[in-house]
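Okay, structure first, notes after.
No experiment lies behind these values; they were computed from the predicted model shown.
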Amino acid sequence: MADMIGSLIGRQDLHAHTTMSDGDLPLERVVELARERGVTIGIADHISRRNMDRFVATEAQLRRYLDVLEDPPVFRSGEFCWCDDFAASLPAEVLDRFDYRIGSNHGFNLPGGGMGSPWWQTLPEPWNARPQELMDAMVDELCRMVKAMPIQIAAHSTLTPPALYEMESDVHAWWTEAREDRWIEALRRSGVALEISNRYRLPHDRLLVKAREAGVRFSLGSDGHTEAQVGRLEWAAETAHRVGYTDALLFVPERRR
């Protein structure tokens, strides 16, 4: 591991949650864990009207959230959901208070209407008979997300409905070369960074190698909600090094004043 000495890879966790959304830990404990585990931390709580009780769901709440993040030694971020147009409704002066913003495809529009989920354990009709079309729709929505949303990082983007892996366990049956190439080109054109998620252990190596060769930037995130998760980047850092990523393509945010 000598080649990793001095590298920033594995030393910044840009995707951590607190009790300000659905995390288990208060901000103060997240900051402590980051210090103990030797990482800089980015607070990226959920900002979405899809869950009014647990998420930052109004502009007033968002302003208070950003106020809370002003003084602690953290990057100010938020995880916006593609299935909610909240981000598009916010004034520029609010968006400009973030050090960076994350977008996640927690739900995706389906052809003909309705919403798909990357967590589907069972595919509803008619998608149970048209799984490849479902996969195309999901990738199309990812490409639209990075083109349209005001974000700098795409989180856990290759999260794929478990129901598909019940049909065929090989990741490449769903993430075909053509789909990978579409996604990588969308990232390249948008300049949005591809997150390597320590929690979900995504994306897979073939896609990451192709992304690196295309010059796509990357970031590392724990997606930490718990004491065991926050600041843990071991798998993500090992993966980044294994596929040949270096600091030259690492997304490094700046603290805005």
Review point. Charged N to carboxylate O below 4.0 Å: is that the case for E238 and R201?
Key: no
Point to revise | Note, E180 side chain near R206 side chain (heavy atom, < 4.5 Å) | key: yes
Practice item. Apply the test side chain to side chain contact (heavy atoms under 4.5 Å, CB included) to residues V171 and T158: give CA-CA distance (whole Å), side-chain angles for both, the deciding distance (0.1 Å), then the verdict. Key: CA-CA 10 Å; V171 65; T158 57; over 6 Å; no
Study note, to complete from the structure: d(L159 CG, S104 OG) to nearest 0.5 Å is 9.5 Å
Review point. Any donor and acceptor pair, going by atom type alone, linking the side chain of R50 with main-chain N or O of C81 inside 3.5 Å?
Key: no
Check your understanding: Any donor and acceptor pair, going by atom type alone, linking the side chain of N109 with main-chain N or O of M115 inside 3.5 Å?
Key -> no
Review point. Does the pair R37/E234 count as a salt bridge with the N-to-O cut at 4.0 Å?
Key: no
Point to revise | Backbone N/O of R54 and side chain of N51: donor-acceptor pair under 3.5 Å | key: yes
Review point. Looking at F98 versus F80, is the centre-to-centre ring distance below 6.0 Å?
Key: yes
Check your understanding: Would you say the side chain of L207 lies within less than 4.5 Å of the side chain of H204, judging by non-hydrogen atoms?
Key -> yes
Review point. Could you walk me through whether L194 and S219 pass the side chain to side chain contact (heavy atoms under 4.5 Å, CB included) check?
Key: CA-CA 6 Å; L194 177 64; S219 71; over 6 Å; no
Practice item. May I ask you to check whether H225 and H15 place their ring centers less than 6.0 Å from one another? Key: no
Check your understanding: Roughly how far apart are I196 CD1 and Y245 OH, rounded to 0.5 Å?
Key -> 6.5 Å
Check your understanding: How far apart are the C-alpha atoms of R64 and E59, what are their side-chain angles, what is the distance that settles it, and do they pass the salt bridge (charged side-chain N to carboxylate O under 4.0 Å, His left out) test?
Key -> CA-CA 9 Å; R64 290 194 294 272; E59 184 179 328; over 6 Å; no
**Study point:** N/O donor-acceptor pair under 3.5 Å between E185 side chain and D181 backbone
**Key:** no
Check your understanding: What do you reckon, is CD of E166 surrounded by more than 12 foreign heavy atoms closer than 6.0 Å?
Key -> no
Check your understanding: Should we say atom CD of E125 is surrounded by more than 12 heavy atoms from elsewhere, each under 6.0 Å from it?
Key -> no
**Study point:** Euclidean distance, E213 CD relative to L249 CG, rounded to 0.5 Å
**Key:** 11.5 Å
Check your understanding: Which residues pass the side-chain hydrogen bond (donor to acceptor under 3.5 Å, both in side chains) test with R130, sequence neighbours left out?
Key -> E133
Practice item. Start with the C-alpha gap between D223 and R232, add the side-chain angles, then the distance that decides, and say whether salt bridge (charged side-chain N to carboxylate O under 4.0 Å, His left out) holds. Key: CA-CA 9 Å; D223 199 356; R232 292 296 188 193; over 6 Å; no
Check your understanding: When rounded to the nearest 0.5 angstrom, what distance separates CD in Q121 from CG in L164?
Key -> 11.0 Å
Check your understanding: Is there a donor-acceptor contact under 3.5 Å from the side chain of S190 to the main chain of V192?
Key -> yes
Review point. Around E254, counting heavy atoms of other residues, nucleotides and ligands shown, do more than 12 lie under 6.0 Å from its CD?
Key: no
Review point. Considering the options V30, I41, T40, which one meets the side chain to side chain contact (heavy atoms under 4.5 Å, CB included) requirement together with D13?
Key: I41
Review point. Quick one: does Y65's side chain have a donor or acceptor within less than 3.5 Å of a partner on D45's backbone?
Key: yes
Practice item. Mind telling me whether H156 and W119 have parallel, tilted or perpendicular rings, with 30° and 60° as the class edges? Key: perpendicular
Exercise for review: Walk me through it: do R49 and D84 pass the test salt bridge (charged side-chain N to carboxylate O under 4.0 Å, His left out)?
Suggested key: CA-CA 7 Å; R49 294 170 295 196; D84 177 8; 3.1 Å; yes
Practice item. Check step by step if side chain to side chain contact (heavy atoms under 4.5 Å, CB included) holds for T18 and I43. Key: CA-CA 7 Å; T18 75; I43 304 301; 3.9 Å; yes
Practice item. Answer yes or no: is there a donor N or O on one side and an acceptor on the other, between the side chain of D99 and the main chain of F75, under 3.5 Å? Key: no
Check your understanding: With no hydrogens and no angle check, is any side-chain donor or acceptor of Q152 less than 3.5 Å from a backbone partner on R101?
Key -> yes
Exercise for review: Using side chain to side chain contact (heavy atoms under 4.5 Å, CB included) as the criterion, point out the one residue from C83, S117, P118 that pairs with F108.
Suggested key: P118
Point to revise | Donor-acceptor side-chain pairing of H172 and E177 below 3.5 angstrom | key: no
**Study point:** Donor-acceptor contact below 3.5 Å, side chain R179 vs main chain W174
**Key:** yes
Exercise for review: Indicate yes or no for a side-chain donor-acceptor contact from Y100 to the backbone of L14 under 3.5 Å, with no hydrogens or angles considered.
Suggested key: yes
Practice item. Using a cut-off of 6.0 Å, state whether more than 12 heavy atoms not belonging to R189 lie near its atom CZ. Key: no
Practice item. Could you please spell out the steps behind the salt bridge (charged side-chain N to carboxylate O under 4.0 Å, His left out) verdict for E93 and R63? Key: CA-CA 10 Å; E93 56 100 358; R63 289 177 182 273; 2.5 Å; yes
Review point. Should the pair H17 and H46 be assigned to parallel (<30°), tilted (30 to 60°) or perpendicular (>60°) ring geometry?
Key: parallel
